[in-house]
Amino acid sequence: ASLEFFGYPSDYLEKYPGNITGVSAEKVLAVAQKYFKFEGMKIVVVGDKKKFDGSLDKFGKVVEIPLKEID
């Protein structure tokens, strides 16, 4: 019902996997570079840094904000 409501063709789900795999990595990169403003993006990581497989410094400046446990 959702597909019909939004005007998708009746064979949308059958064609979806092929449509996705038909997009090249180069095309994804080109669209990302056109629409994303990478210089303003932030990465938020939550977890036990002792369990990370490497340093996050390679992604840029790291600001650690300790979290408090809530009882």
Side-chain angles (χ1 to χ4, degrees):
S2 300
L3 297 175
E4 186 173 333
F5 178 80
F6 289 109
Y8 290 98
S10 60
D11 62 351
Y12 176 79
L13 292 177
E14 288 80 20
K15 290 184 175 181
Y16 183 79
N19 290 339
I20 296 300
T21 57
V23 179
S24 69
E26 293 81 14
K27 184 68 174 179
V28 172
L29 180 60
V31 170
Q33 288 173 333
K34 180 177 179 180
Y35 292 103
F36 289 122
K37 305 299 179 209
F38 292 102
E39 63 278 356
M41 296 182 99
K42 307 288 184 221
I43 299 173
V44 177
V45 179
V46 179
D48 183 350
K49 71 178 181 179
K50 293 177 285 205
K51 295 182 181 179
F52 295 165
D53 63 356
S55 173
L56 298 176
D57 293 332
K58 63 184 171 186
F59 298 105
K61 180 182 174 186
V62 175
V63 176
E64 187 174 337
I65 303 171
L67 301 176
K68 297 178 183 178
E69 287 189 34
I70 300 174
D71 294 325

Within the supplied structure, the quantity of interest is the number of heavy atoms (other residues, nucleotides, ligands) at a distance under 6.0 Å from D48 CG; does it exceed 12?
yes

With the 4.5 Å side-chain cut-off for hydrophobic clustering, are L56 and M41 part of the same group?
no

Please check if V31 and L29 belong to a single hydrophobic cluster, counting links between Ile, Leu, Val, Met, Phe, Trp and Tyr side chain heavy atoms closer than 4.5 Å.
no

With a sphere of 6.0 Å drawn around CZ of F52, does it hold more than 12 non-hydrogen atoms of other residues, nucleotides or ligands?
yes

Are L67 and V44 connected in the hydrophobic side-chain network, where two residues link if heavy atoms are under 4.5 Å apart?
yes

Out of curiosity, does V23 fall in the hydrophobic cluster containing Y35 (side-chain heavy atoms, cut-off under 4.5 Å, transitive links)?
no

What closest approach, in Å, do K37 and K34 show between heavy atoms, and which atom pair accounts for it?
NZ-O, 4.0 Å

If every non-hydrogen atom of G18 is compared with every non-hydrogen atom of T21, which pair is closest and at what distance?
O-OG1, 3.3 Å

Quick check on E4: does its CD atom have over 12 non-hydrogen neighbours (other residues, nucleotides or ligands) under 6.0 Å away?
no

List the atom of Q33, the atom of F38, and the distance in Å for their closest heavy-atom pair.
CA-CE1, 4.0 Å

With under 30° as parallel and over 60° as perpendicular, where do the rings of Y8 and F6 fit, or are they tilted in between?
perpendicular

With a 4.5 Å cut-off on side-chain heavy-atom distances among I, L, V, M, F, W and Y, is there a chain of contacts connecting V28 to I20?
no

